[in-house]
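Structure record follows, encoded as structure tokens.
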Protein chains: 4
Amino acid sequence: MENLADKKKAILESTLDLIKENGFHGTPMSMVAKHANVAAGTIYHYFDSKETLICQLFSYVKGRIMDALFEQDDESLDFRVRFFRVWRGLYEFYINNLNSLVFFEQFVNSPYNKKLPKPEHDTFKPLHDFFTLGIEQEYLRPVNPKILTVLAHGSILTAAKVRMAGKIELQEPELEQIIEILWDGMALKKK
Amino acid sequence: MENLADKKKAILESTLDLIKENGFHGTPMSMVAKHANVAAGTIYHYFDSKETLICQLFSYVKGRIMDALFEQDDESLDFRVRFFRVWRGLYEFYINNLNSLVFFEQFVNSPYNKKLPKPEHDTFKPLHDFFTLGIEQEYLRPVNPKILTVLAHGSILTAAKVRMAGKIELQEPELEQIIEILWDGMALKKK
Amino acid sequence: MENLADKKKAILESTLDLIKENGFHGTPMSMVAKHANVAAGTIYHYFDSKETLICQLFSYVKGRIMDALFEQDDESLDFRVRFFRVWRGLYEFYINNLNSLVFFEQFVNSPYNKKLPKPEHDTFKPLHDFFTLGIEQEYLRPVNPKILTVLAHGSILTAAKVRMAGKIELQEPELEQIIEILWDGMALKKK
Amino acid sequence: MENLADKKKAILESTLDLIKENGFHGTPMSMVAKHANVAAGTIYHYFDSKETLICQLFSYVKGRIMDALFEQDDESLDFRVRFFRVWRGLYEFYINNLNSLVFFEQFVNSPYNKKLPKPEHDTFKPLHDFFTLGIEQEYLRPVNPKILTVLAHGSILTAAKVRMAGKIELQEPELEQIIEILWDGMALKKK
DNA sequence: AATGAATGAGACTTCATTCAT
DNA sequence: GATGAATGAAGTCTCATTCAT
């Protein structure tokens, strides 16, 4: 027998899968219900509306991204090594969770995103903090950490999407080179 | 009085505007019709279906992006200067054409994109060619040009989206710094 | 309160009535819904599309015609008497169920009929069997039973349609004469 | 260059062909226009509306049926031979003009037919007259000629439709038998 | 006479949501 | 809590008809 949490999770995961394949408007509630093995009405015990479901799914996905961001991190390592691991950690999360990547991108570019109250600090705050630390410790150039976040996340996202598009030209050595180039540009050139 | 091209263009532009505000499924054909000042049925003279309209709009937007990419370019300039100008050219196009940016991002992450036959070479082929040239002329590191495209386009897109999100922290000096960091990482360190 | 079968039947019966009056294209689904006292969407729980509804209605009507064919029959009677009763049985069914007659005729002459897989044996198989028996028992001429089916059904259908057209000239004695003429032509002239 | 009559005829013939294939509601005016090689608007020079077109087409088809009815007739022949020729004449017209047969049947069972003022005497008046003559000349039983019309036309129509349905079991000898049976039933048994 | 782009009412159908069980 | 039949507003699209050329 299942408990509530199981069903709620099944609904969220089903929605995530289906939206990747069919988009928002190609994913009716009836389809979510069938995929999650619940009745259509059941979804409304857990979520007020389709919009609520999608917005809660966004929080759910954000949480998983945040978890992934520093899962591989180890503060005892050299900062450069940490940067390489963080970059790859998020990249691999996206590759292994394409439905999250696709959903996240669809969501942030959709009108749903407008309706959401801006969060105190966003999903990538930990990344921002990480770069702030790197600057303080004089590993990185003394610039607005936002800049480094943009560069890092932009490259991860784009690399993952290029890979997802079936262009498998981005292999191991290429990934390493991307990170190296980024690091070279971002790192503080000490005397 | 209008001619055919006018109506078709009005429909495309209206769709672009409305999808930015309301997304695909928040933009019924009736709304497009009203916004474009045509009858609902008229849209179907120019486009077989809503899907066709959206896919043709994608081609239309791709064309504009490609035009924007090298509008500011000047082959007689130094390669580093050209890189700065190309980066800013696309960035500014996105900022000044937020509807194109939002639509493009929504489209590529949507199921519509799956149905489209993969183009021979994509929108960013000119960027790829630009980097290939830079490598040949020994301005840039001898890596797969794809890598540089990922880095450049990822940073432009992300910067534009951060700016669009209302986080106006990215001002002139920050933009300059982003490009500088990228350039430093990508450039060939000559002896 | 109604059960499922009730609603499905109400939809079928409403469609039958309305198509008699208005034809296929004069009977929108909204009209069926109103006449059957259900919401428009409800029809789509029971039938995939208007086409499906009409094709299922055809099966439904065929069933009723087959039921009517031998309702009046009594195998213990003389074959000639049975023939007269069968002829009148179907004739009266048509007269009392004009909507079925009209629908049936509209359907078989329509493109819907083309799409249907040909049935193993058709609605009038029982009539064919009846004539086969009559031939075996030497009441009827030894011809292809198909011929007799054509003659019998053709005359019933045409008589019913003449009557329906408001030409009330076909009264009891005339009907009797039609059957007699047919019988005389079909019967085996015994020595 | 074409004249008016040519275009009007092309429209009528196109409509006849298309309605056989697609039915009334599957045959938009635009399709008729394309098939007849005229502009949509041109149809409205010749016919007030789609309904008018279809009703005029009915008259057109009726005319052809009436022409066919006695094309093969020869008053100098024996009445029995004439009957056989008239039956086959109409049967063959239907077989060779399936679009007329299908259209006629669709029309008479459709609501269009209701709106038409009842004609003074209908399409099959010549058949009725033929049978009246046969009775007067004591070839046929002294019954209401209407009866004989029903039997004859019913059998012709049904035989043609059986043949059209692809059931090719009705061959030459069977046709001959059908007419013989009818004749035997209808003919006056002289002493 | 002929054209065919344009119109817009209305068709078919979908789907978020409700509610009696 | 769970169900899923029922709802009906709203969506996409069609097509008879018009009218400026």
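Worth knowing before you read on, the calculation uses all heavy atoms, side chains too, and leaves out hydrogens, waters and symmetry mates. Chain identifiers are assigned alphabetically (A, B, ...) following the order of the sequence lines, protein sequences preceding nucleic acid strands; residue numbering begins at 1 within each chain.
Atom pair C:N37:CG and F:dG8:C1' shows a separation of 15 Å (rounding to whole Å applied). One atom, NZ of A:K8, and another, C1' of F:dA2, lie 16 Å apart when rounded to the nearest Å. Look at CG on B:N22: it is 11 Å from P on F:dG11, rounded to the nearest Å. Straight-line distance from the CG atom of A:D48 to the C1' atom of E:dT18: 13 Å, rounded to whole Å. Here F:dT12 presents its C1' atom at 15 Å from NE2 of B:H25, a figure rounded to the nearest Å. B:E51 places its CD atom 19 Å from the P atom of F:dG11, with the value rounded to the nearest Å. Following rounding to the nearest Å, A:I11 (CD1) and F:dT3 (P) show an atom-to-atom distance of 9 Å. Atom OH in B:Y44 sits roughly 14 Å away from atom C1' in E:dG10 (whole-Å rounding).
With E:dC15, F:dT7, E:dT7 as the candidates, the nucleotide lying closest to the side chain of C:V38 is F:dT7. The side chain of D:A40 lies closest to E:dA5 when the candidates are E:dT18, E:dA5, E:dC15. The side chain of B:M29 approaches F:dT12 more closely than any other nucleotide in the set E:dA2, F:dG4, F:dT12.
Applying the Watson-Crick and G-U wobble criteria (two distances, each under 3.5 Å), E:dA11 pairs with F:dT12. Of the nucleotides present, F:dA2 is the one that pairs with E:dT21 by Watson-Crick or G-U wobble criteria, both distances under 3.5 Å.
Under 4.0 angstrom from either OP1 or OP2 of E:dC15 there lies no side-chain N or O belonging to A:K50. Side-chain nitrogen and oxygen atoms of D:K7 include none within less than 4.0 Å of the OP1 or OP2 phosphate oxygen of E:dA1. Applying the 4.0 Å criterion to OP1 and OP2 of E:dT7, one finds that B:T42 has a side-chain N or O inside that range. Of the side-chain N and O atoms in C:Y46, one or more sit less than 4.0 angstrom from OP1 or OP2 of F:dA6.
A cation-pi arrangement is found for B:K8 relative to B:F47, the charged atom lying closer than 6.0 Å to the ring centre and inside a 45° cone about the ring normal.
Put simply, the side chain of C:K161 never gets that close to the backbone of D:N109: no donor and acceptor are under 3.5 Å apart.
Partner of C:V32 under the side chain to side chain contact (heavy atoms under 4.5 Å, CB included) criterion, out of C:T27, C:L12, C:I19: C:T27 alone.
A residue-by-residue look at C:I43 and B:F24 shows that C:I43 has its nearest nucleotide of DNA chain F further toward the 5' end. Where B:G41 and C:G41 each meet DNA chain E at their nearest nucleotide, the meeting point lying more 5' is that of B:G41.
Ring planes of B:Y112 and B:F107: parallel class, angle under 30° (limits at 30 and 60°).
Taking both residues in full, the closest heavy atoms of D:Q56 and D:Y46 are given as NE2-O, 4.5 Å, listed atom of the first, atom of the second, then distance.
Judged by atom type and distance alone, A:H45 reaches the base of F:dA2 through a side-chain donor-acceptor pair under 3.5 Å.
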